[in-house]
2 protein chains.
Amino acid sequence: MVEHILNLDSVFASLSDSTRRDILRRVAEKQLSVSEVAKPYKLGFAAISKHLKVLEKARLIIKHRQGKEHIIQLSPAAVKNAADYLIHYQTIWDRRFDALEMLLIHLPAEEKTGWPKTIKAPRKTL
Amino acid sequence: MVEHILNLDSVFASLSDSTRRDILRRVAEKQLSVSEVAKPYKLGFAAISKHLKVLEKARLIIKHRQGKEHIIQLSPAAVKNAADYLIHYQTIWDRRFDALEMLLIHLPAEEKTGWPKTIKAPRKTL
DNA sequence: GTATCATTCAACCATATGGTTGAACATATC
DNA sequence: GATATGTTCAACCATATGGTTGAATGATAC
């Protein structure tokens, strides 16, 4: 099903930097040259180049040359795969979340859950 | 809607380490003491303790004392929030993915997309 | 109180990360 | 060919990360 190797370490590491998340977001809207990518930030070109290399290694973007410019685009396949994984994670967590929620709703708090009282029980409306 | 501050930097940084992802997965199944968490890995206790602190700071787990043991549980609220965010991300990406797919289906490849020919077009069945 | 068990803290080390600067490389233009 | 433009590379710096070891803390057991 998943054709490409999804390196979760590098994908999540890529996403752990807000500049890179912002770059991803902008590149998702429209393909950009490296200069265009760099424009909004007060970083040097080399720094942007490094960020792009991180994103490229994580297969979140594709870089290719067009004349003297290097064009950056979101890498559709890798993004799709990452999204699939995240959905899977989300499912696991939601299930667990529901289970914990059940516990909290049906048990008299602290007694069996072993939670400190300062921890709020999750709410359905959350 | 989101009550707690979701620090995406620390959440994604937490998820970028496979040991921590594994700990999260195991703790999601069942609450564990620090020793129990540590057991499967060949790391020292201090290393595990550090990993747990990273996860705690990212609000992905809750730690509390029970006698002389420290019990680790998945932090439901934070996990729910993280999952919500990931779903959102996934939605953005899926939308973008669909848009790229449209482009690739309806245009004669390389000419207007500017993609190198070695890049496979995404497939509906992916 | 003393010993023991569970865990953390402190100090240290190696490597990774995010940034800088300035030189180098491609491509386009004159 | 010379020059300008766009981007990367190399070297460097500061800080963060992931690990170690050994001492310190906190709670239980004797």
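The figures here come from the full heavy-atom set of this structure, side chains too, leaving out hydrogens, waters and symmetry mates. The structure displayed is predicted, hence computed values, not measured ones. Note on naming: letters A, B, ... go to the chains in the order of the sequence lines (proteins, then strands), and numbering restarts at 1 for each one.
- Whole-Å rounding puts the B/Phe45 CZ to D/dT21 P distance at 13 Å.
- Taking each heavy atom of B/His51 and B/Ile23 in turn, the nearest pair found is CB-CD1, 4.2 Å.
- Proximity note for A/Arg20 (side chain, C-beta onward) versus C/dG18, D/dT8, D/dT20: the nearest is C/dG18.
- Comparing D/dT20, D/dT8, D/dG6 by their nearest atom to the side chain of A/Glu69 picks out D/dG6.
- For the OP1/OP2 pair of D/dG19 and a distance below 4.0 Å, the side-chain nitrogens and oxygens of B/His51 include at least one atom meeting the criterion.
- Residues A/Gly67 and A/Ala13 both approach DNA chain C. Their nearest nucleotides, taken by heavy-atom distance, put A/Ala13 toward the 5′ side.
- A/Ala46 comes within contact range of at least one nucleobase, with a heavy-atom separation under 4.0 Å.
- Within the 4.0 angstrom heavy-atom criterion, only backbone atoms of the sugar-phosphate kind lie near B/Ser33; the bases stay farther away.
- Between B/Leu55 atom CG and D/dG18 atom C1' there is a gap of 13 Å when expressed in whole angstrom units.
- Residue A/His70 contributes atom NE2, which lies 10 Å from atom P of C/dA26 at whole-angstrom precision.
- Of the candidate nucleotides D/dT8, D/dG18, D/dA27, D/dA27 has the atom nearest to the side chain of B/Lys68.
- Residue-level contact check: A/Leu43 touches the backbone only, with heavy atoms under 4.0 Å from sugar-phosphate atoms and none from bases.
- Checking the phosphate oxygens (OP1, OP2) of D/dG6, no side-chain nitrogen or oxygen of A/Arg65 falls inside 4.0 Å.
- Between the C1' atom of C/dG18 and the CD1 atom of A/Ile23 lies a distance of 12 Å, rounded to the nearest Å.
- At least one donor-acceptor pair under 3.5 Å links the side chain of A/Arg26 to the backbone N or O of A/Glu36.
- One hydrophobic cluster, built from ILVMFWY side chains closer than 4.5 Å, cannot hold both A/Tyr41 and A/Val54; they sit in different ones.
- A salt bridge links A/Glu29 with A/Arg25: at least one charged nitrogen is closer than 4.0 Å to a carboxylate oxygen.
- Picking from C/dT20, C/dG18, D/dG19 the nucleotide with the shortest atom distance to the side chain of B/Lys50 gives D/dG19.
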